[in-house]
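Values below: every heavy atom of this structure, side chains too, minus hydrogens, waters and symmetry copies. All chains are named by letter (A, B, ...) in the order of the sequence lines, taking the proteins before the strands, and each is independently numbered beginning at 1.
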Protein chains: 2
Amino acid sequence: MANEKVTSNDVARLAGVSQSAVSRYFTPGSSVSKKTSEKIRVAAEQLGYRPNILARSLITGRSRIIGLVVAYLENYFYPEVVERLSKVLQEQGYHVLVFISSPASASENVDQITQEILDYQVDGIVLASASMSSELAARCHAHGVPIVLFNRSQDDERLSAVTSDNRAGGRKLAELLLSLGHEKFGYIAGFEGASTQRDREAGFLEGLAAAGKSLYRRSVGNFRYEEAQAAARRMFGSDDRPDAVFVCNDHMAFAVMDVLRFELGLEIPQDVSVVGFDDVPPARWPAYNLTTIRQDVDAMVAETIRTLMRAIDNGDDQARRVTLDGTLVVRGSTRKCPATSN
Amino acid sequence: MANEKVTSNDVARLAGVSQSAVSRYFTPGSSVSKKTSEKIRVAAEQLGYRPNILARSLITGRSRIIGLVVAYLENYFYPEVVERLSKVLQEQGYHVLVFISSPASASENVDQITQEILDYQVDGIVLASASMSSELAARCHAHGVPIVLFNRSQDDERLSAVTSDNRAGGRKLAELLLSLGHEKFGYIAGFEGASTQRDREAGFLEGLAAAGKSLYRRSVGNFRYEEAQAAARRMFGSDDRPDAVFVCNDHMAFAVMDVLRFELGLEIPQDVSVVGFDDVPPARWPAYNLTTIRQDVDAMVAETIRTLMRAIDNGDDQARRVTLDGTLVVRGSTRKCPATSN
DNA sequence: ACCAAGATTGCATACGTATGAAAGGTACGA
DNA sequence: TCGTACCTTTCATACGTATGCAATCTTGGT
């Protein structure tokens, strides 16, 4: 419990220079002579001094903290995001402060959390799988704190957002299933309020419509494993079942596949083709081997950070909406060719 | 970009009181009269004032930030930890600053990261799946920053640690497999430097030894999916293969099961029983249905926080080592009864 | 040797808050 | 009425750093 707080003053005293010199030594781009640099380096080393980021940020107005709001890490898309985002920010001298928003009380909860985030004087906010009231968005804006919606967009045009092209992804999946000769299409939806849900479904329907087809069955899984199981039971419990199903994300697709195989005794893809969205790691595990749309997490993270930094460094005020391509990854959960159908 | 910074001074001016009064209003347990309280409440509300945590922590020495070092979120045990830990800390007014340590350069990396953590004046550090040099541990100690090792222990007795009883868990698994009549035991190890790896293996061997048995095959998977696949190929590639295998954690067990089933055409549990450790969510998904030891994340998180808070609030200096029971969860990856064996 | 321009340094102050000490206010009993 | 004790409030200062400004030192050209 020895309170061995070392300040720039201690270093200055030991090195025989002023406190400002020490401060300058630790501020890249400041002018310090070789000689004093060396004295300070030695003294700082000896005392084990490191600048206090909090004190620094009090005066610079920059905390080098990015607030990340995330709702549920059960969907293994998000752990990847947290890891990549933290890692890349870390390399740039920033760090991530995590806020978990119970998906329960949706946006009200996010608003409260965002208040807490602002208390930490963060330099930016990343909202993953969570939306926020536009009133609060305005407030962040007023504080000069940039916000980036990650894997989510919102009507408010003043908010930056980085997403995959969910609509195009849905369309690609429809086209794939059509090309394989499927006829009866099921869709298992995520949480209805989510833009990913809306866009993926819209794209899928669009793709079907282009071939004169439409949805045969629809059910809601709310992005949750258990609810997706229940949805699958409803959709496939009777005999007039779809012969192909698009599940709004991989996480739910696993639940659907498990029900089809282990409860209903159906074969994938012989009896039903299943496609998902995200390409989380288990999708390529042989147990699932799921055909899906890959969201390029690295690219999404890179764009997110680019957006943040542009706002932080250049005070770039205007919203930036980036939509990245998702690539279709065909695996074993869809049948091989149209010939063997029905 | 309007820089609408509202300070306690602004509130004070509007409310017609002193800045200290405002500060006291926002400090629980301070004495403020009903009348001024009300004036401040109104003024603060009107201006949208919230105390600046960073400025506050500069003077109180408490940042209400907990640093979390985590190596890899691919193992789905850790996302659960991050989520629970953040959530519970959040309820107590603390927040989690995330640091990802590349598992690559192990402890050297952690040391550097810990330096960065200290720069943020965190109130405590949780080290999950990462070890740290005792030199640096001493330094944190000197700074009065408590450290808790999560799911990891270390020889240094001055470090607090929260773990499951990995040894007992390993033993339970050995006893289960023995009771099912297995004879040839395989073990797929995690990263050799990890205490969980050592303890789980030790317990397993201990359990086997108690029945006069020993290991038939051993291979290393380093806690990684791909390496575990390779290990499984080596171990089960030839005909004289084990009839049961303990994989050091669930994450690797999935890889092993996938190889056994989809590359080698073996049936689980008819040909081989597989057991893991952790009970991450996919373990109970029907595709794996894995027999494993459940680590009680909630309890571990609760103990971690208790340990931290004891140190932070009471300045409790001494290390606290908590070991929690893990419960055996028998599922379908192990054969049902000894009768049908061999 | 001298001067100007540039580089380096120190001084003083500011960032937004908490808090000990002192001053002011209130209530109550004698 | 006065004095005491207690509750509120304000004043002043401190936390650890960054930075404008003025002062000082270097450097190089003449």
Side-chain angles (χ1 to χ4, degrees), chain A residues 3-41 43-44 47-65 93 118-123 143-145, chain B residues 3-41 43-44 47-65 93 118-123 143-145:
Chain A
N3 218 344
E4 181 192 296
K5 285 260 182 194
V6 180
T7 76
S8 55
N9 267 306
D10 300 330
V11 176
R13 203 171 309 123
L14 179 60
V17 299
S18 73
Q19 181 267 329
S20 345
V22 177
S23 169
R24 292 205 165 89
Y25 174 77
F26 284 97
T27 307
S30 271
S31 76
V32 193
S33 73
K34 273 250 184 279
K35 209 188 311 177
T36 51
S37 270
E38 187 56 18
K39 287 195 286 187
I40 294 173
R41 197 187 59 72
L47 297 177
Y49 169 78
R50 311 206 83 209
N52 179 332
I53 293 198
L54 268 39
R56 167 179 291 174
S57 56
L58 183 56
I59 188 159
T60 60
R62 298 280 180 80
S63 61
R64 305 199 79 85
I65 296 177
L118 291 177
D119 293 350
Y120 281 94
Q121 314 295 116
V122 298
D123 293 342
H143 279 249
V145 179
Chain B
N3 219 342
E4 181 192 296
K5 285 260 183 196
V6 180
T7 76
S8 55
N9 267 306
D10 299 331
V11 177
R13 203 171 310 124
L14 179 58
V17 299
S18 74
Q19 179 267 329
S20 347
V22 178
S23 169
R24 293 211 157 85
Y25 174 77
F26 283 97
T27 307
S30 272
S31 76
V32 193
S33 73
K34 273 253 184 278
K35 209 188 312 177
T36 51
S37 270
E38 187 55 19
K39 286 194 288 187
I40 294 172
R41 198 188 58 72
L47 297 177
Y49 169 78
R50 312 206 81 207
N52 178 334
I53 293 197
L54 268 38
R56 167 180 292 174
S57 57
L58 184 57
I59 188 160
T60 61
R62 298 281 180 79
S63 61
R64 304 198 81 84
I65 296 177
L118 290 178
D119 294 350
Y120 281 95
Q121 314 296 113
V122 298
D123 292 343
H143 279 249
V145 178

Do [X] and [Y] come within less than 4.5 Å of each other through their side chains, counting heavy atoms only?
X: Pro51(B); Y: Tyr49(B); value: yes
X: Ile65(A); Y: Ile53(A); value: no
X: Asp10(A); Y: Thr7(A); value: yes

Next item on the list: Would you indicate what Ser30(A) reaches in the nucleic acid, counting non-hydrogen atoms under 4.0 angstrom: base, sugar-phosphate, or nothing?
Entry: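 No contact.
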Notebook entry, point to check: NA contact type, Val17(B), heavy-atom cut-off 4.0 Å: base, sugar-phosphate, or nothing?
Noted result: sugar-phosphate
Between [atom2] of [N] and [atom1] of [X], the distance in whole Å:
X: Gln19(A); N: dA12(C); atom1: CD; atom2: C1'; answer: 11 Å
X: Ile40(B); N: dA18(C); atom1: CD1; atom2: C1'; answer: 14 Å
X: Gln121(A); N: dC15(C); atom1: CD; atom2: P; answer: 14 Å
X: Arg13(A); N: dT9(C); atom1: CZ; atom2: P; answer: 19 Å
X: Asn52(A); N: dC15(D); atom1: CG; atom2: P; answer: 12 Å
X: Leu118(A); N: dG16(C); atom1: CG; atom2: P; answer: 15 Å
X: Ile59(A); N: dG16(C); atom1: CD1; atom2: P; answer: 10 Å

Note to self: For Arg41(A) versus Tyr25(A), what's the shortest heavy-atom pair and its separation?
What the structure shows: CG-OH, 3.2 Å
Return no unless some side-chain N or O of [X] is found under 4.0 Å from OP1 or OP2 of [N].
X: Ser33(A); N: dT8(C); result: no
X: Ser57(B); N: dT17(C); result: no
X: Thr7(B); N: dG16(C); result: no
X: Tyr25(A); N: dT17(D); result: no
X: Ser20(A); N: dG10(C); result: no

Notebook entry, point to check: Of Leu58(B) and Lys34(B), whose closest DNA chain D nucleotide lies nearer the 5' terminus?
Noted result: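 The residue closer to the strand's 5' end, by nearest nucleotide, is Lys34(B).
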Note to self: Heavy-atom nearest nucleotide on DNA chain D for Ile53(A) versus Ser31(B): which residue maps closer to 5'?
What the structure shows: Ser31(B)
Next item on the list: Show the numbers, then the answer: is there a side chain to side chain contact (heavy atoms under 4.5 Å, CB included) between Leu58(A) and Asn52(B)?
Entry: CA-CA 9 Å; Leu58(A) 183 56; Asn52(B) 178 334; 4.3 Å; yes
Report the nucleotide, chosen from [options], that has the shortest atom-to-atom distance to any side-chain atom of [X].
X: Arg24(B); options: dG10(C), dG16(C), dT9(D); answer: dT9(D)
X: Val32(A); options: dT17(C), dA21(C), dT9(C); answer: dT9(C)
X: Ser8(A); options: dT10(D), dT17(D), dT19(C); answer: dT17(D)

Notebook entry, point to check: Does the dG16(D) base have a donor-acceptor partner in the side chain of Arg56(B) within less than 3.5 Å?
Noted result: no
Check: Quick one: on DNA chain C, does Ser18(A) or Lys35(B) contact a more 5' nucleotide (nearest heavy atom)?
Finding: Ser18(A)
